[in-house]
Amino acid sequence: TSQLTPLLYYSRKMFRKSPPITEEEALKKLAALCAKAEYCTGDLDEKMRRWGLNDEARQRNIEYLIDHQYVDNMRYCQAFVNDKIKYNKWGRRKIEQALWMKHIQEDVSKTVLDSIDDNVYVDILRPLLKTKWPTIHAETDYERSMKLIKFAMSRGFDMALIRRCIDEDITAKVDEG
């Protein structure tokens, strides 16, 4: 028997196919996961697809988890939106896109996002813009504000909210000066 170098041994081990998982084993694993943290049905379906479960088995498992309240897309969506606004400082558009990528139904995401007042986004956006403004290098104020708008849009904020924050800041500077 020849000795394999550790790197070669681990690289072969990583690519070795694991035995297929049964529907019941998958359900136990998913129930344990859902008991620890919030997941959406899209995430769980993707996990089961990677585990090699067929469409019917995946659907049965998801229905069981929904019926027994292990998973709830509305509950997940509320937690996801709250976290993205509070910790990641994202705007509505970026959150919508992330929820779409997670296969959350549009009616669920729209309901949750519509319940959030625009002032919440403004309260997040205003300090972001104020801290970003001095770091932007530009030759004119126009160029600088265009870069600021581009930054805010990349965070997922609406143009109307961005304009509102910038205009309020400009009028505040005029009032001070």
Side-chain angles (χ1 to χ4, degrees), residues 1-125 127-128 131-132 150-158 161-162:
T1 61
S2 65
Q3 287 287 333
L4 294 175
T5 63
L7 184 62
L8 185 58
Y9 171 76
Y10 286 113
S11 64
R12 284 185 180 173
K13 191 174 183 179
M14 284 179 5
F15 293 111
R16 196 178 307 148
K17 288 262 185 184
S18 58
I21 190 169
T22 66
E23 184 176 342
E24 293 77 23
E25 289 172 331
L27 185 58
K28 284 181 186 177
K29 278 185 171 186
L30 294 175
L33 281 173
C34 291
K36 294 177 189 171
E38 285 293 336
Y39 286 91
C40 65
T41 54
D43 288 344
L44 300 179
D45 189 50
E46 178 62 26
K47 281 185 184 299
M48 288 187 286
R49 189 188 61 71
R50 278 190 273 124
W51 293 340
L53 265 68
N54 62 36
D55 291 343
E56 295 83 26
R58 292 193 329 245
Q59 191 59 39
R60 280 192 300 272
N61 280 350
I62 287 176
E63 286 172 6
Y64 176 87
L65 293 168
I66 290 171
D67 291 344
H68 290 83
Q69 297 180 350
Y70 281 100
V71 65
D72 179 3
N73 279 347
M74 181 66 83
R75 188 176 64 209
Y76 173 82
C77 191
Q78 289 169 338
F80 184 86
V81 169
N82 181 46
D83 286 354
K84 293 303 174 188
I85 290 173
K86 190 174 183 178
Y87 300 113
N88 296 58
K89 307 213 182 314
W90 284 4
R92 181 184 173 114
R93 300 289 165 240
K94 192 162 184 170
I95 295 170
E96 280 176 347
Q97 187 178 25
L99 290 170
W100 180 80
M101 295 286 291
K102 290 187 167 286
H103 305 289
I104 300 289
Q105 299 87 353
E106 189 176 340
D107 59 326
V108 172
S109 63
K110 187 167 174 26
T111 303
V112 172
L113 288 167
D114 286 346
S115 70
I116 297 168
D117 188 40
D118 279 351
N119 290 329
V120 172
Y121 294 115
V122 169
D123 292 342
I124 297 285
L125 180 58
L128 271 177
T131 56
K132 185 68 176 173
K150 187 176 178 182
F151 164 76
M153 289 187 83
S154 75
R155 286 292 187 104
F157 292 97
D158 295 333
L161 290 176
I162 299 167

**Message:** Could you check whether atom CD of Q97 has more than 12 heavy atoms from other residues, nucleotides or ligands sitting under 6.0 Å from it?
**Reply:** no
**Message:** Using a 3.5 Å distance criterion without hydrogens, assess whether the side chain of N54 forms a donor-acceptor pair with backbone atoms of A57.
**Reply:** yes
**Prompt:** Is the side chain of R92 donor-acceptor paired with the backbone N or O of L113 at a distance under 3.5 Å, no angle test?
**Reply:** yes
As an exercise, state the distance from [atom1] of [X] to [atom2] of [Y], rounded to the nearest 0.5 Å.
X: F80; Y: N88; atom1: CZ; atom2: CG; result: 8.0 Å
X: C40; Y: I104; atom1: SG; atom2: CD1; result: 4.0 Å
X: M48; Y: D43; atom1: CE; atom2: CG; result: 11.0 Å
X: K29; Y: L44; atom1: NZ; atom2: CG; result: 13.0 Å
X: N61; Y: E23; atom1: CG; atom2: CD; result: 5.0 Å
X: T111; Y: Q105; atom1: OG1; atom2: CD; result: 10.5 Å

**Prompt:** Of the non-hydrogen atoms in S109 and C77, which two are nearest, and what is the gap between them?
**Reply:** CA-SG, 3.8 Å
**Request:** Specify the closest pair of heavy atoms between I95 and I85, including all atoms of both residues, with the distance to one decimal.
**Result:** CD1-CG1, 3.5 Å
**Item:** Test log, rule side chain to side chain contact (heavy atoms under 4.5 Å, CB included), inputs T41 and H103
**Value:** CA-CA 8 Å; T41 54; H103 305 289; over 6 Å; no
**Item:** Check against side chain to side chain contact (heavy atoms under 4.5 Å, CB included), L30 and I62
**Value:** CA-CA 9 Å; L30 294 175; I62 287 176; over 6 Å; no
**Message:** Walk me through whether Y70 and Y39 qualify under side chain to side chain contact (heavy atoms under 4.5 Å, CB included).
**Reply:** CA-CA 9 Å; Y70 281 100; Y39 286 91; over 6 Å; no
**Request:** Please lay out, stage by stage, how D45 and K102 fare under the test salt bridge (charged side-chain N to carboxylate O under 4.0 Å, His left out).
**Result:** CA-CA 10 Å; D45 189 50; K102 290 187 167 286; over 6 Å; no
Ion pair [X]/[Y], N-O distance below 4.0 Å:
X: K89; Y: D123; value: no
X: R60; Y: E63; value: no
X: D55; Y: R58; value: yes
X: E25; Y: K28; value: no

**Prompt:** Can you list the steps and then say if R155 with I124 is a side chain to side chain contact (heavy atoms under 4.5 Å, CB included)?
**Reply:** CA-CA 11 Å; R155 286 292 187 104; I124 297 285; over 6 Å; no
**Request:** Using the six-membered ring wherever Trp is involved, compare the ring planes of Y121 and F157 and label them parallel, tilted or perpendicular (cut-offs 30° and 60°).
**Result:** perpendicular
**Request:** Check whether any side-chain heavy atom of D117 sits under 4.5 Å from a side-chain heavy atom of V122, and report yes or no.
**Result:** no
